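Just so you know, residue 1 is the first one in the sequence shown, and it goes up from there. Here the structure is a predicted model, which is why all the values come from computation and not from measurement.
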Amino acid sequence: MTNLGPEPLDPVSAAWNTVASYDSYEEAQAAVDRLSDEKFPVENIDIVGSGLRLVEHVTGRLTKGMAAAGGAASGAWFGLFIGLLVGLFTPGPAWLGLLLGGVLIGAVWGAVFGFVGHAATGGRRDFSSVRSLAATRYDVIARGGQAERARAILHGSRPAVSG
């Protein structure tokens, strides 16, 4: 549901000069895009999410082996980075050995730390997940005395000319 009315929803919205409120970020983004298309100074616009909640999407089961594999991958990247840094100061073909050694040592230590870290949880978190923040409402806010003009553009009427 979209509220394009000029009346603010609460005192905070009034202080922020709320232009419009939307249920999704995409709607708020489309409103700012419309303002931009109408040559509105969008550098005076903010999109403010409120009613935040944490959303955790469970992506699958996490075993000790999977934790070790993830740790090995992370460790290998870190080892590659360290090998490249040390290799910068190594003349001749020895830098390739440093690179491979860094990757292998990093992978081994990463796997150990991944395995031990997961085992230390004692089975309290045997799943992998991705966390994100989501808002229940997105307010388009105008600064610099531009709220009325922005509302007029979004309502499709002629904005008042300000001096």
Side-chain angles (χ1 to χ4, degrees), residues 1-62 66-88 102-103 106-107 109-110 113-114 116-118 120-163:
M1 177 167 201
T2 303
N3 175 15
L4 288 175
E7 294 186 29
L9 298 175
D10 57 45
V12 172
S13 295
W16 280 353
N17 295 313
T18 300
V19 173
S21 295
Y22 300 95
D23 290 333
S24 73
Y25 176 76
E26 289 75 20
E27 290 175 301
Q29 189 177 24
V32 174
D33 188 50
R34 180 165 175 216
L35 291 170
S36 178
D37 292 345
E38 296 292 328
K39 308 298 185 241
F40 183 85
V42 291
E43 60 273 7
N44 294 323
I45 294 290
D46 295 314
I47 298 175
V48 178
S50 59
L52 296 179
R53 61 183 173 217
L54 175 68
V55 178
E56 185 170 8
H57 175 68
V58 177
T59 57
R61 184 179 233 3
L62 184 62
M66 291 172 67
S74 296
W77 277 111
F78 185 70
L80 177 64
F81 175 69
I82 297 299
L84 283 171
L85 283 178
V86 174
L88 288 174
V103 169
W109 278 107
F113 283 120
V116 170
H118 181 68
T121 64
R124 286 186 306 271
R125 186 156 171 102
D126 287 339
F127 62 92
S128 58
S129 63
V130 177
R131 293 181 184 177
S132 63
L133 286 176
T136 57
R137 186 180 84 208
Y138 297 88
D139 293 331
V140 175
I141 310 297
R143 291 176 272 115
Q146 300 284 330
E148 286 302 322
R149 181 173 168 220
R151 283 188 202 107
I153 291 171
L154 292 178
H155 281 109
S157 61
R158 277 190 73 81
V161 178
S162 60

When rounded to the nearest 0.5 Å, the distance separating CG of L52 from CG of L133 is 6.0 Å
Separation between CD1 (I47) and CD (E27), nearest 0.5 Å, reads 11.5 Å
* Keeping the roles fixed (side chain from T121, backbone from G117), state whether a donor-acceptor pair exists under 3.5 Å. => no
Would you please test R53 and T136 for side chain to side chain contact (heavy atoms under 4.5 Å, CB included) and show each step? CA-CA 8 Å; R53 61 183 173 217; T136 57; 3.5 Å; yes
When every non-hydrogen atom of A31 is compared with those of L154, the smallest separation belongs to O-CD2, 3.7 Å
May I ask you to test the R131-L54 pair for a side-chain heavy-atom distance under 4.5 Å?
yes
Side chain to side chain contact (heavy atoms under 4.5 Å, CB included) with V32: of I45, D37, V19, only one passes, and it is I45
Tightest non-hydrogen contact, residues S50 and A135, listed as O-CB, 3.4 Å
Here the gap from N44 atom CG to I141 atom CD1, rounded to the nearest 0.5 Å, amounts to 12.5 Å
Run N17 and E148 through side chain to side chain contact (heavy atoms under 4.5 Å, CB included) and show every step you take. CA-CA 9 Å; N17 295 313; E148 286 302 322; over 6 Å; no
Other residues, nucleotides and ligands only: do more than 12 of their heavy atoms fall within 6.0 Å of CZ on R61?
no
Between R34 and I153, the two heavy atoms sitting closest are NH2-O, 3.0 Å
Correct closest heavy-atom pair for L62 and A67 would be CD1-N, 3.9 Å
Only residue of L80, V86, L88 satisfying side chain to side chain contact (heavy atoms under 4.5 Å, CB included) with L84 is L80
Shortest non-hydrogen pair, V140 vs Y22, comes out as CG2-CE1, 3.7 Å
Closest heavy-atom pair, A150 versus L35, reported as atoms and distance to 0.1 Å, is O-CD2, 3.7 Å
So CD of E26 and OH of Y138: to nearest 0.5 Å the spacing works out to 7.5 Å
- Message: If we ignore hydrogens and angles and just use 3.5 Å, is the side chain of R143 paired with the main-chain N or O of D46 as donor and acceptor?
- Response: no
ask   = So, the side chain of S128 versus the backbone of T59: is there a donor-acceptor pair under 3.5 Å, distance only?
value = no
When rounded to the nearest 0.5 Å, the distance separating CZ of F40 from CZ of R149 is 6.0 Å
Q) When you measure from the side chain of R137 to the backbone N and O of V48, does any donor-acceptor pair fall under 3.5 Å? A) no
